Amino acid sequence: MEYQFKEIEQKWQARWKADKAYQVPNISEKPKFYVLDMFPYPSGAGLHVGHPLGYIASDIFSRYKRLQGFNVLHPMGFDSFGLPAEQYAIETGQHPAKTTEENIGNFKSQLDKIGFCYDWSREIRTSDPQYYKWTQWIFLQLFNSYFCNTQQKARPVTDLVKKYETSGSKDFSAEEWNAFDAKTKAEWLMKRRLAFSAYGEVNWCEALGTVLANDEVVNGVSERGGHPVIKKKMRQWYLRITKYADRLLAGLDTVNFSEAMKEMQKNWIGKSEGAEMEFAVEGKDEKIRVYTTRPDTIFGVDFLVLAPEHQLVKDITSAEQLGAVAKYLGYVKSRSDRERMAEVKQVTGCFTGAYAINPFNGKQIPIWIAEYVLAGYGTGAIMAVPCGDQRDFSFAQHFNIPVTNIIGQHFNGNEANATKEAVLENSGFLNGLQMKDAIGIAINKIEQDGIGKRKVNYRMRDAGFSRQRYWGEPFPIKWEDGVAIALSAADLPLQLPYVEKYGPGPEGEGPLANIHEWVEEKYETSTMPGYAGSSWYFLRYMDPQNEETFCDRKVSDYWGQVDVYIGGTEHAVGHLLYSRMWTKVLFDLGLIGFDEPFKQLVNQGMIQGSSRFVYRVQGTNQFVSAGLKDQYETNELHADVNFVDGVELDMEAFRKWKNGEFADAEFILEGGKYFCGIETEKMSKSKYNTVNPDDLVSKYGADTFRMYEMFLGPVEQSKPWDTKGIEGVHRFLRKLWRLFNDEVKGKIWTVEPPTDAEWKLLHKTIKKISYDTENFSFNTAVSAFMISVNELADAKCHKKQILEQLLILLVPYAPHIAAELWSQLGNPGSILDASYPTFEEKYLVESTKEYPVSINGKLRTTLNISLEASPEEVESLLLQNEVVQKWLEGKAPKKIIFVKGKMLNVVI
RNA sequence: GCCCAUGUGGCGGAAUUGGUAGACGCAGCAGACUCAAAAUCUGCCGUUCGCAAGGGCGUGAAGGUUCGAUUCCUUUCGUGGGCACCA
């Protein structure tokens, strides 16, 4: 009986489906475990072999936890709102709802072939009104909440209103508040809401009549069509995520993310501590406020620099410099953000003619404007300390501004030195202090003298939350007389209306602005961004059909945090930060019981494509094999990996490719073969290096495919795909099969009791596989399975007691074959719920050890010694050994190192 | 520029706490079985000197610590990723 993977896999997949084997209850005596995949955007291209990597890993882990007796939540769904579907709709006229539906169907059938244990009864789609009803509902919670600075948490806006009514705020008294009209009140409240509306800049493309995402703008022009793009002020929605900056930072210490991931989030939040202080402008009333992280260098300030967009520029510029400044402003305006970023090294700037006064020593300091100072960060103005900051130094040099040295020897006059170790000189009250100590003292003095105050700055901005698009969640907001009115929860969902056209509305508004009834109702015309639905989806899986609430509190208390979250690093700063913030808000409002969504995050690496190239001799139909290409003038062309065996091209398949574009190709061969060039690149259709999992599953089976993806290397590492090695894994499964069945004799497994050696073999495997699975080291687990099966085959062990335990270990990796053989062994019940074997130390106890014997640290021989032997006995055995004696040449050893159970080393 | 990864045979990779480098698999070579093919099985497979026994070298490079370093430290180079005139 052969290993008929096709029949076996179909049979078990059908049975598990019929038995609802993967449905998970919300009420259970078992401890819970939640394993989550980052849900996919259902693109039209379908899956390639890179996509399932993380899904297989999470599937293995889920099944492993289930066997260990956990109630495992392992759901899947679709992030089905988004730009590509809308783009496709614009091009083809097909409604996004329709294409999305088709793509999801395609994805699901691809996923099912691989044999995942998803509980599809919990499937969610972000574009489903029953789902986005609750996205809208959570938006209303954000809209109706503010961040209380005292308690450092979200609270209902009604609390804020009460406070205003009774005690006012720093901007108005209670009486004033109560006298405000509704619109004024709304404006004040908008300044505090967690989801708020304000004017902000968007990328506006006049020619396309639409707003573009940053990704769609390349080099200052639109990606489509290459039309100019300018910044335009429009009313936008934002999330006040900056209020959560500190908690988002602190929360990182409580979760198990990779250091790299935490680092990325920290960088994104970009917290810096320093001081904000004011410089008086000579002869004017204006004061210039600067932000610095190095107040200790205050005596080294040689000039101030304002961002060209700074509002004080026009007020302080002197009459003589008016012309020069206007010219410089014109220059800056002509430059795109990208140019400003690209040409970092270029020093430009312009003197304003005005001077500021250093508040500590009264020194007169010139005020410049320069594009290297950004309007959007800090106060848009800096104090320049050329001896300590390289950009300031380059600027001073370029414009011949004298440099004050406050760090003595540490400054060499040729480049700045940003040290904090130097002892300060020329620094008034800070003289003689080490810089790092001076920082605090300087801030205290600044605060004492009323010049400024301690200040924490963040690089992170409030998150833009509206898109001028169709295919997203409508905001549950009406605009009346310029005031945003929230819909009541009873009116949700506010359904996305059906449209015929997806083009932009007037004045850059979204397509919804073209719908008469929509505008008539005064609904907000923009929609929510892609990350809205994905910010809370892990909660909906817990309670997907609930019509009363987004997720019942009892249910979320049971499932709690996601124990393991698996996905790519591309979401490091977007999705992960937003969902962490939403979780914190929901926690603050008492709607859930935890404030970090993901306990552990595992980042799977990218599977890269391994591209193959053919070399066409210029201007001919001749293709030259890779080894000979240097003898010709050639053009490199991608060839489809699917008809290259290793590096050898299937010339017939190549001639038939692309409807015969290369039908009359001629080949210049090496040894009768055509060899292709190889390069590792991103997997993509245009590079013809994609491999479809369906093909591999139908050729080798899902079990082989799953194990091979894991065998490629560590999950977290990026690696190129190479189909060739899959044969090895398939051979392994066939070999496993032959432990149970013989092609001729049929059944060969027996119920004979195993020997000690066989038990030892099994328990060695149990130990290794459990350890590796627990630690996501799936590649070494696969290799341990291979070793185990090789050893069992060598030992001709066909004993049920051993084999059935091995099958349970295998379930997470290759569930179909494991289930089939389990039932062949005559076991009742489903192997999916068998109990995971526990490793017992007693089987692995050894009495002797084959010690490696080194002379001066170099291995020379091995020596089999009882583990009971005393150090003296070991030493005498060692010195009797002829190899050791040979190396000693009659001399006595200087030293003998004996580590029990490990090794022996003789120093001569 | 800064931060984080990472570098081991022809290839993917292993070595869990500083203790036998190259497990497992692919590819390759030789052989068995077969009329033949497939499948399967056996042996070899870092490099170099040597008939062999055995030895030299070897984990990007150079140093260091140690009885002993792929593993720890310093310097340096390459690759991948993130951030970036961030004051």
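Note that the coordinates shown come from a computational prediction; the quantities given were computed from them, not determined experimentally. Quick note on labels: first sequence line is chain A, next is B, and so on, each numbered from 1.
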Just checking [X]: base, sugar-phosphate only, or nothing, at a heavy-atom cut-off of under 4.0 Å?
| X | answer |
| --- | --- |
| A:Lys886 | sugar-phosphate |
| A:Ile787 | sugar-phosphate |
| A:Arg860 | sugar-phosphate |
| A:Tyr771 | base |
| A:Ser854 | nothing |
| A:Asn905 | base |
| A:Glu259 | nothing |
| A:Asn457 | nothing |
| A:Pro720 | nothing |
| A:Asn790 | sugar-phosphate |
| A:Lys266 | nothing |
| A:Trp887 | sugar-phosphate |

Whole angstrom is fine here: how far is it from [atom1] in [X] over to [atom2] in [N]?
| X | N | atom1 | atom2 | result |
| --- | --- | --- | --- | --- |
| A:Asp772 | B:A14 | CG | P | 11 Å |
| A:Phe711 | B:A27 | CZ | P | 12 Å |
| A:Glu716 | B:A5 | CD | P | 12 Å |
| A:Asp794 | B:U42 | CG | C1' | 11 Å |
| A:Ile855 | B:G54 | CD1 | P | 14 Å |
| A:Lys902 | B:A69 | NZ | C1' | 15 Å |
| A:Phe778 | B:G25 | CZ | P | 21 Å |
| A:Met460 | B:C86 | CE | C1' | 14 Å |

How close do [X] and [Y] get, heavy atom to heavy atom, and via which atoms?
| X | Y | value |
| --- | --- | --- |
| A:Ala463 | A:Tyr531 | CB-OH, 3.4 Å |
| A:Glu875 | A:Ile896 | CG-CD1, 3.5 Å |
| A:Ile369 | A:Pro308 | CB-CA, 4.5 Å |

Check your understanding: Side chains of A:Met277 and A:Phe279: does their closest heavy-atom pair fall under 4.5 Å?
Key -> yes
Practice item. Would you mind reporting whether A:Arg706 and A:Met710 have side-chain heavy atoms less than 4.5 Å apart? Key: no
[atom1] gap between [N] and [M], integer Å:
| N | M | atom1 | result |
| --- | --- | --- | --- |
| B:U16 | B:A27 | P | 28 Å |
| B:G7 | B:G60 | C1' | 6 Å |
| B:A62 | B:G9 | P | 15 Å |
| B:U6 | B:U59 | C1' | 14 Å |

Under 4.0 Å: is that the gap between some side-chain N or O of [X] and OP1 or OP2 of [N]?
| X | N | result |
| --- | --- | --- |
| A:Tyr291 | B:A87 | no |
| A:Gln717 | B:A5 | no |
| A:Lys735 | B:C41 | yes |

Exercise for review: Indicate syn or anti for B:G9, taking the glycosidic torsion and treating anything within 90° of 0 as syn.
Suggested key: syn
Point to revise | Side-chain donor/acceptor contact of A:Lys858 with base of B:U20 under 3.5 Å | key: no
Check your understanding: Is a donor-acceptor pair below 3.5 Å formed from side chain A:Asn267 to base B:C83, judging by atom type as modelled?
Key -> no
Closest approach to the side chain of [X], judged atom by atom: which nucleotide of [options] is it?
| X | options | result |
| --- | --- | --- |
| A:Arg731 | B:A87, B:C24, B:U40 | B:U40 |
| A:Lys849 | B:U20, B:U40, B:C86 | B:U20 |
| A:Tyr377 | B:C86, B:C41, B:C26 | B:C86 |
| A:Ile382 | B:U40, B:A87, B:U20 | B:A87 |
| A:Lys719 | B:C86, B:G13, B:G25 | B:G13 |
| A:Val899 | B:G82, B:C86, B:G19 | B:G19 |
| A:Arg391 | B:C41, B:C24, B:C86 | B:C86 |
| A:Glu371 | B:A87, B:G13, B:C85 | B:C85 |
| A:Met786 | B:G25, B:A14, B:G19 | B:G25 |
| A:Tyr372 | B:G12, B:U16, B:C85 | B:C85 |

One thing to verify: whether [Y] and [X] come together as a salt bridge, which I'm taking to mean a side-chain N less than 4.0 angstrom from a carboxylate O.
| X | Y | value |
| --- | --- | --- |
| A:Asp772 | A:Lys768 | yes |
| A:Asp246 | A:Lys271 | yes |
| A:Lys764 | A:Glu791 | yes |

Check your understanding: For A:Thr862 and A:Met261, take the nucleotide of RNA chain B holding the closest heavy atom to each; which residue's nucleotide lies nearer the 5' end?
Key -> A:Met261
Revision key, fill the gap. Of A:Gln608 and A:Pro852, the one whose nearest nucleotide on RNA chain B sits closer to the 5' end is A:Pro852
Review point. In terms of ring plane angle, is the pair A:Phe778 and A:Tyr813 parallel, tilted or perpendicular, where the classes change at 30° and 60°?
Key: perpendicular
Exercise for review: For B:A5, give its Watson-Crick or G-U wobble partner with both distances under 3.5 Å, or none.
Suggested key: B:U79
